[in-house]
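Structure first, commentary second.
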Amino acid sequence: MTLLENIEKGIKAGLAYHYNYTITKQPILITPTKKEFEGDFTVVVFPFSGVLKTKPEELGAVLGQYLIDQDSNFADFNVIKGFLNLTLSNKAIKNLLELVILAPDFGTFPANGKKVLVESSSPNTNKPLHLGHIRNILLGWSVYKIMEAAGFEVKRVQIINDRGIAICKSILAWQLFAEGATPKSADVKPDHFVGQYYVRFEQEFSEEYKTWLESVEGLQVFKQIKKEEETFEEFKSRFKNEYFNQHSSLGAQAKQLLLKWENGDSDTLDLWRRMNQWVYDGFDATYKRLGVAYDQLYYESDTYLLGKKTVEDGLAQEVFYQKRDGSVWVDLTEEGLDEKLLLRSDGTSVYMTQDIGTALLRNEDFAPDKMVYIVADEQNYHFDTLFKILKKLNAPFADGLYHLNYGMIDLPTGKMKSREGKVVDADVLMDEVIAAATANSLERGSLDDLSEESQNKIFTKIGLAALKFFIIKVNPKKRMVFNPEESVDLQGQTGPYVQNAYVRIQSVLKRYKESDYTNNYLDINEIERALILMMSQYPGMILTAANEMDPSLIANYCYQLAKQYHRFYHDCPILNAESEDTKRFRLQLSHSVASVLSAGMDLLGIEMPEKM
RNA sequence: GGUCCCGUAGCUCAGCUGGAUAGAGCAACUGACUUCUAAUCAGUAGGUCGCACGUUCGAAUCGUGCCGGGAUCACCA
């Protein structure tokens, strides 16, 4: 039984014993005591004093006394207004450290028999990964680690958007402008190589569009279609898509390519495979560097057919309906949404069709209890719709669907816009952050006696810790501002700060030659007490983080614990402690802090260096 | 316009199942390294928690209405 449960039980028993009162509705609010008051846990007794028509101070005193009498874990209490502050006995604190925190399974929960599938990353194959993907990938990885620690069996998957018009644009640009160049011949990371041709297409298309708008035909169309009050610029952006589909030569060629692809033209398919493989190779390098991996990849080119079939079956069973032009729709007006297209009038599939197929295929593969989609919040409507459709189809997993809708990342200069080249590239960003860590480290010179290889490993760990922590510490649902300068900070509320606490501990532990920390120290001071109580909250943090799918809770917890340790390290001598018992206790305490920090940061995909 | 999300210190963020005097980091300023490595610690300064009303013993937290910002409402993905 945990201490919180002890308190709750004691309060209930006390209320029954002294007031013959049984709690029905009100939850008992128990929080860690604020540091300006004395005590370890605080029970808020206001709600009961109201019901019992007792003064809060009196009720608090009665309950406090009752708890102390009944439970030897509690040594003292004080009451301020309606707040009952309880102080644990030193023995209880020590037991907490030795029996709970140092237990081998601390911070992991036994398997709960539930399977969860986490989809993340899921990039398009026409351009390299950027900052937005990094947030997605890091969230995916830490949600996986956290849910696993909480007892779930987790499968990490992606859906690769490997087909469609966007990929055809890259392919077409390569055909038109590359003159047979390859990533190797150009000496460019392969995903970036393909991305260059996507950008090239957009440039050429913009030029073409601009020229057309100024032509006789363009001006005529503008006059005909322009809405009242609409400026030329507004028209230009509104009409762009229609221009692509109806008037553009490049657009026609790209669409022609898509048609060839859908018809299985072997030359097109070969080139498509070849260019996609370049992208996959590039992505793999980035994933590896970020330290993430996936159990299974799904490709749209494999799943859209199942989606189509499902929609056709649904049509036969009248879950969906068909319009006169042959297009298939779902009516979600009863669910508070709209009508949504599922198959085009020409019978081809759309985004939604593919996602239906993908979900069903995943269910066949894993039969998960939950499916978590980590996708930016701009797609909230899409996933609302998808989940309602799957419910309509009576998918067995329909009640376990969850869209972890994280906020987009802004730059200090404003929104990221990939079409305007205003993006932060994932690979470049990692280079920069590692370079910053390297420069900082070399300046300190504390690693000079290590080989260059070991040094580089540490620089990488520090740089990536800075980057990952910077992103993960923000609540995923919130839009965040990414300042590249701050992301390479190594001081303050950062990953390296937490790493530093760990490194300090390692450095101390190494100097103590024995491995036996048993001790009879009982004179536990405030800082030590706070550290132990804080660590005791770790398993609860994991459950909360898993429940809310919020890794930022773990990041902030690790920071708080590291901060408390740094304070301890500064104020309390360890190896030079006044007695052997004290020394051993503090070593034991340090050792457990290191374990919790390391485990917690591992949940975020951040590794600890032994030195820094 | 409909729907949804967000507004906390100069900046980036915690806190939000209602609880004590709203917390961190960065930036600014002051102090602490012959010491278990200072990527650290201690301190100063910085707030109308967007605004208003309501709910109650108590509101940054809940409700309503405004104001400001964003997302979305494609036979795009």
Side-chain angles (χ1 to χ4, degrees), chain A residues 27 29 31 33-34 36-37 42 44 46-47 49-50 56 80-83 85 122 124 126 161 163-167 241 244-245 300 323 325-329 336-338 340-346 348-352 354-355 376-382 384 405 407-408 410 412 415 437 440-441 443-444 446 462 466 470 473-475 477-483 485-487 489-501 503-505 507-512 552-553 555-556 559-560 562-563 565-577 583 586-587 590 611-612:
Chain A
L29 184 61
T31 54
T33 302
K34 294 202 167 202
E36 53 268 39
F37 299 97
T42 297
V44 183
F46 282 110
S49 72
I80 298 169
K81 292 191 266 180
F83 300 98
N85 299 322
S122 303
N124 294 318
N126 55 348
N161 306 303
R163 61 186 284 274
I165 195 72
I167 285 90
N241 199 31
F244 180 89
N245 284 319
E300 266 181 20
K323 288 194 179 171
D325 63 4
S327 57
V328 180
W329 296 71
L337 298 177
D338 218 333
K340 187 80 190 172
L341 177 86
L342 298 177
L343 284 177
R344 294 190 187 101
S345 50
D346 63 4
T348 56
S349 65
V350 291
Y351 185 33
M352 190 62 76
Q354 292 151 187
D355 272 359
D377 60 10
E378 60 184 353
Q379 295 197 33
N380 284 356
Y381 186 74
H382 172 78
D384 255 8
N405 48 20
M408 312 273 281
D410 294 320
K415 288 175 62 177
N440 196 291
S441 220
E443 199 177 311
R444 286 168 205 280
S446 55
I462 298 172
F470 185 81
K473 74 179 180 188
V474 181
N475 183 321
K477 301 229 170 189
K478 286 200 176 175
R479 218 179 162 92
M480 69 176 284
V481 175
F482 184 89
N483 185 331
E485 285 168 32
E486 286 174 17
S487 73
D489 274 350
L490 309 171
Q491 276 143 30
Q493 197 178 32
T494 66
Y497 175 94
V498 181
Q499 289 180 321
N500 186 232
V503 166
R504 283 183 139 178
I505 295 170
S507 153
V508 173
L509 293 181
K510 254 179 246 159
R511 285 162 192 266
Y512 186 70
S552 74
L553 294 172
N556 287 309
Y559 170 71
Q560 294 299 338
K563 188 180 157 88
Y565 187 82
H566 278 305
R567 190 173 295 152
F568 164 76
Y569 181 89
H570 187 266
D571 290 356
C572 306
I574 302 169
L575 295 172
N576 303 321
K583 189 204 281 188
R586 289 184 177 161
L587 284 162
S590 300
K611 288 182 80 171
M612 64 192 285

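Chain letters run A, B, ... following the sequence lines, proteins first and then strands; every chain starts at 1.
- Between the C1' atom of A74(B) and the CZ atom of F244(A) lies a distance of 14 Å, rounded to the nearest Å.
- The nearest heavy atom of RNA chain B to D489(A) and to G164(A) marks one nucleotide each, and the one closer to the 5' end goes with D489(A).
- Residue E443(A) places its CD atom among 12 or fewer non-hydrogen atoms of other residues, nucleotides or ligands, all under 6.0 Å distant.
- Contact annotation: R511(A) side-chain N/O to U37(B) OP1/OP2 distance is under 4.0 Å.
- In terms of polar N and O atoms assigned as donor or acceptor, the side chain of S552(A) never comes within less than 3.5 Å of the base of A14(B) in a complementary pairing.
- Checking A39(B), C6(B), U37(B) against the side-chain heavy atoms of K478(A) singles out C6(B) as nearest.
- Atom name C1', nucleotides A27(B) and C36(B): the rounded distance is 32 Å, in whole Å.
- Applying the 3.5 Å distance criterion, the base of C36(B) shares no donor-acceptor pair with the side chain of S507(A).
- Side-chain nitrogen and oxygen atoms of R479(A) include none within less than 4.0 Å of the OP1 or OP2 phosphate oxygen of C13(B).
- Put simply, the side chain of L509(A) reaches to within 4.5 Å of the side chain of L587(A), judged on heavy atoms.
- Of the candidates C57(B), C73(B), A77(B), A77(B) carries the atom nearest the V350(A) side chain, counting heavy atoms from C-beta on.
- The closest side-chain heavy-atom distance from R163(A) to S349(A) is below 4.5 Å.
- Here the OH-CG distance, from Y381(A) to L337(A), works out to 5.0 Å after rounding to the nearest 0.5 Å.
- Here, C29(B) and A45(B) have their C1' atoms 8 Å apart, quoted to the whole Å.
- Spacing between atom NZ of K81(A) and atom P of G19(B) amounts to 14 Å, rounded to whole angstrom units.
- Picking from A74(B), C75(B), A71(B) the nucleotide with the shortest atom distance to the side chain of N241(A) gives A74(B).
- Across all strands shown, Q499(A) has no heavy atoms under 4.0 Å from either base or sugar-phosphate atoms.
- Phosphate contact (OP1/OP2 of C76(B), side-chain N/O of R344(A), threshold under 4.0 Å): present.
- The distance from atom CD of Q491(A) to atom CG of N500(A), rounded to the nearest 0.5 Å, is 9.5 Å.
- Residue F46(A) and nucleotide G58(B) are not classified as a stacked aromatic pair, given the requirement of ring centres less than 5.5 Å apart at an interplanar angle below 30°.
- Rounded to whole Å, the P atom of C49(B) lies 10 Å from the corresponding atom of A9(B).
- Taking atom P in both A24(B) and A42(B), the straight-line distance is 10 Å, to the nearest Å.
- Across all strands shown, U21(B) forms no Watson-Crick or G-U wobble pair with both key distances under 3.5 Å.
- When heavy atoms are screened at a 4.0 angstrom cut-off, D410(A) is found touching no nucleic acid atom at all.
- Rounded to whole Å, the separation between the P atoms of G10(B) and G47(B) comes to 6 Å.
- Note on T348(A): nothing from the nucleic acid sits closer than 4.0 angstrom, heavy atoms only.
- Closest to the side chain of R567(A), out of A14(B), U40(B), C41(B), is C41(B).
- Heavy atoms of Y559(A) sit under 4.0 angstrom from primed sugar atoms or phosphate atoms, though from no base atom.
- In the set G25(B), A71(B), A77(B), A77(B) carries the atom at the smallest distance from any side-chain atom of Q379(A).
- Contacts of V44(A) with the nucleic acid, taken as non-hydrogen atoms under 4.0 Å apart, include base atoms.
- Distance from the side chain of Q491(A) is smallest for A39(B) among the nucleotides C36(B), A39(B), C75(B).
- The side chain of T33(A) approaches A20(B) more closely than any other nucleotide in the set A20(B), A38(B), C41(B).
- Rounded to whole Å, the P atom of G63(B) lies 14 Å from the corresponding atom of G19(B).
- Here the separation of G25(B) from C67(B), taken at their C1' atoms, is 30 Å to the nearest Å.
- The separation between E486(A) atom CD and U12(B) atom P is 8 Å, rounded to whole Å.
- Between A38(B) and R444(A), no contact under 4.0 Å exists linking OP1 or OP2 to a side-chain N or O.
- To the nearest angstrom, C1' of U37(B) lies 13 Å from CD1 of I462(A).
- Side-chain nitrogen and oxygen atoms of Y569(A) include at least one within less than 4.0 Å of the OP1 or OP2 phosphate oxygen of A38(B).
- Side-chain atoms of F83(A) lie closest to A20(B) of the nucleotides A20(B), U40(B), A14(B).
- Interface remark: the T42(A) side chain does form a donor-acceptor pair with the A20(B) base, using a distance-only criterion of under 3.5 Å.
- Remark: C1' of A77(B) and CD1 of I167(A) are 9 Å apart, rounded to the nearest angstrom.
- Atom CZ of residue R504(A) and atom NE2 of residue H570(A) lie 8.0 Å apart, to the nearest 0.5 angstrom.
- When distances are taken from the side chain of K563(A) to each of G25(B), A14(B), G15(B), the shortest belongs to G25(B).
- Residues V474(A) and F482(A) form no side-chain contact, since every pair of their non-hydrogen atoms from C-beta on lies 4.5 Å or further apart.
- Between Y497(A) and A39(B), no base-stacking contact is recorded for ring centres under 5.5 Å apart and planes less than 30° from parallel.
- G65(B) is paired with C51(B) under the Watson-Crick or G-U wobble criterion, all donor-acceptor distances under 3.5 Å.
- Following rounding to the nearest Å, K34(A) (NZ) and A14(B) (C1') show an atom-to-atom distance of 13 Å.
- Residue M480(A) is classed as a sugar-phosphate contact, given heavy-atom separations below 4.0 Å to backbone atoms only.
- In this structure, the nucleotide among C13(B), A71(B), C75(B) sitting nearest to the side chain of V481(A) is C13(B).
- Across all strands shown, the partner of U72(B) is G2(B), judged by Watson-Crick or G-U wobble contacts whose two distances both fall under 3.5 Å.
- Nucleotide C76(B) holds its P atom 16 Å from the CG atom of D355(A), rounded to whole Å.
- Checking U30(B) for Watson-Crick or G-U wobble geometry (two distances, each under 3.5 Å) identifies A42(B) as its partner.
- At least one side-chain heavy atom of F83(A) sits under 4.5 Å from a side-chain heavy atom of V44(A).
- Side-chain atoms of N85(A) come within donor-acceptor range of the base of A20(B), with a qualifying N/O pair under 3.5 Å.
- The backbone N or O of T348(A) sits less than 3.5 Å from a side-chain atom of D346(A), completing a donor-acceptor pair.
- For the pair N556(A) and P573(A), nearest-nucleotide mapping onto RNA chain B gives the more 5' position to N556(A).
- As judged by a 4.0 angstrom heavy-atom cut-off over every strand, D384(A) is placed among residues making no nucleic acid contact.
- Looking only at side-chain heavy atoms (C-beta outward), F568(A) and I574(A) come within less than 4.5 Å of each other.
- C16(B) atom C1' lies 11 Å from atom CG of N475(A), rounded to whole Å.
- Pairing for A9(B) is absent, with no Watson-Crick or G-U wobble pair whose two atom distances lie under 3.5 Å.
- C4(B) and A14(B) are spaced 24 Å apart, taking the C1' atom of each and rounding to whole Å.
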